[in-house]
2 protein chains.
Amino acid sequence: MPSPNRTTNEEVVAAAREILEDAGPGGLTMQAVAGRVGVRAPSLYKRFADREALLAAVVAATVEELGRRLDGAEDLTAIARTYRAFAHERPEAFRLVFTPYAEQEALRRSAEPVLRAAADLVGEEDALVAARLFTAWATGFLHMELAGAFRLGGDVDEAFAYGLDRLRAGLLAGRR
Amino acid sequence: MPSPNRTTNEEVVAAAREILEDAGPGGLTMQAVAGRVGVRAPSLYKRFADREALLAAVVAATVEELGRRLDGAEDLTAIARTYRAFAHERPEAFRLVFTPYAEQEALRRSAEPVLRAAADLVGEEDALVAARLFTAWATGFLHMELAGAFRLGGDVDEAFAYGLDRLRAGLLAGRR
DNA sequence: ACCTGAACACCGTTCAAGT
DNA sequence: ACCTGAACACCGTTCAAGT
């Protein structure tokens with residue numbers, strides 16, 4: 001006798017993302033996720049091989065959303081602003097993006113707008129290395145900000161603006 | 001009847017650091033650490049309040065060692081090289097440095113050489129923001145490299161050299 | 001077909017009892 | 001004083017049995 005699905009993969013991932021932000025990675029238990037979608041923990045194994053696979057799906061959904069938002073950003077300034085707003089909104093998920101959980105494919109898609117903006121600045125030939133410089137800076141800055149590494153002094157917004165400004169200047173000067 | 005200590009805090013932390021690199025954070029269990037220093041897991045609670053406190057001590061020791069190595073580096077190029085070599089040597093510990101586990105004090109000490117090198121380049125007034133630009137880039141780059149985010153194409157060494165070069169150029173151009 | 005209770009392995013942590 | 005066996009709570013995961 002077939003019984004209808006009591007939940008969906010999308011619903012499970014959405015629940016996991018909420019729990020992740022509310023309770024951190026340690027609070028993201030199979031039981032907590034199951035409870036939020038109204039099933040028991042063993043049922044989740046029909047949908048995800050194990051907790052790690054669920055985490056990978058959470059990261060994939062996060063990277064996808066980030067990619068969608070970045071699509072609207074046209075230059076490095078807009079991209080940086082969007083990127084930072086996203087990290088502030090979903091700090092726990094953001095922390096997981098650059099871990100081995102992340103899938104290459106989704107990362108590549110979300111890197112597209114950065115590559116385009118970098119090409120506009122330095123040309124096609126150096127677009128990749130320039131995009132990596134920008135992404136590494138933005139990623140590192142946000143990781144440090146979220147970890148509280150900037151609590152010691154100085155204005156964080158000012159440091160972000162300075163970094164973006166000097167980065168753009170360095171890229172423009174290296175044009176060829 | 002007093003019994004002599006069968007281990008020391010330093011030995012426990014050293015064991016934990018080895019296990020962390022060999023087996024990742026998931027393999028860093030209290031039992032594994034205890035086993036390596038020749039005691040049972042409950043004994044560790046005489047030395048560290050809980051697993052999180054032990055992890056914090058691991059990160060503190062890591063940051064301290066990084067700081068010691070950076071002391072020998074005089075300019076941003078040398079610092080970048082040292083920083084990258086360290087991340088390659090202890091990837092798992094490096095990943096934990098910019099998390100809430102890290103203590104502010106140790107981080108500040110290890111930031112000293114970067115501040116000095118930044119001041120040499122842009123002057124005292126902008127040294128802090130310049131150091132944050134450099135550190136964010138280096139940290140982000142290494143996190144991405146360790147996460148395999150650069151496996152898609154292009155030469156990683158070249159991207160690192162390009163980033164450092166453009167960063168220095170941007171800083172120099174902003175001198176005032 | 002999908003779901004679950006029960007069970008197992010494993011881990012963090014506590015504590016009374018050993019020396 | 002330091003160490004440990006035993007116990008407890010909690011979690012990931014499996015699976016036979018339910019509908």
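Naming: A, B, ... by sequence-line order, numbering from 1 per chain.
For the pair B:R40 CZ and C:dG18 P, the interatomic distance rounds to 17 Å; values are reported in whole Å. What separates OH of A:Y45 from P of D:dC11 is a distance of 12 Å, to the nearest Å. Atom CE in A:M30 sits roughly 6 Å away from atom P in D:dT13 (whole-Å rounding). Atoms CZ (B:R47) and C1' (D:dC3) sit 11 Å apart, rounded to a whole Å. Atom CZ of A:F48 and atom P of C:dC2 are 14 Å apart (whole Å). The nearest whole Å value for the distance from the CD atom in B:E52 to the C1' atom in C:dT13 is 14 Å. Atom pair A:L44:CG and C:dC3:P shows a separation of 9 Å (rounding to whole Å applied). With rounding to whole Å, B:D50 atom CG is found 14 Å from C:dC11 atom C1'.
Nearest heavy-atom pair, B:L128 versus B:L115, reported as atom, atom and distance to 0.1 Å: CA-CD2, 3.8 Å.
Other residues, nucleotides and ligands contribute more than 12 heavy atoms inside 6.0 Å of the CD atom of B:E18.
Regarding contacts with the backbone of C:dC11, every side-chain N or O of B:R51 stays at 4.0 angstrom or more from both OP1 and OP2. Distances shown here put every side-chain N or O of A:S43 at or beyond 4.0 Å from the OP1 or OP2 atom of C:dC2.
For D:dC2, the paired base is C:dG18 (Watson-Crick or G-U wobble, both distances below 3.5 Å). Base pairing of C:dA7: its partner is D:dT13, meeting the Watson-Crick or G-U wobble criterion (both donor-acceptor distances under 3.5 Å).
A donor-acceptor pair is defined here as one N or O able to donate and one able to accept, closer than 3.5 Å; no such pair exists between the side chain of B:E74 and the backbone of B:A117.
Comparing atom distances between the A:Q31 side chain and each of D:dC11, D:dT4, D:dT13 picks out D:dC11 as nearest. In the set C:dC2, D:dG12, C:dT13, the nucleotide with an atom closest to the side chain of A:N5 is C:dC2.
Heavy-atom distances to DNA chain D give each of A:G26 and A:K46 a nearest nucleotide, and the one nearer the 5′ end belongs to A:G26.
The pair A:E65-A:R69 counts as a salt bridge, with a side-chain nitrogen and a carboxylate oxygen less than 4.0 angstrom apart. Taking 4.0 Å as the cut-off between side-chain N and carboxylate O, A:D75 and A:R81 do not count as a salt-bridged pair.
Among the atoms of the strands shown, only primed sugar atoms or phosphate atoms (P, OP1, OP2) are found under 4.0 Å from some heavy atom of A:T29.
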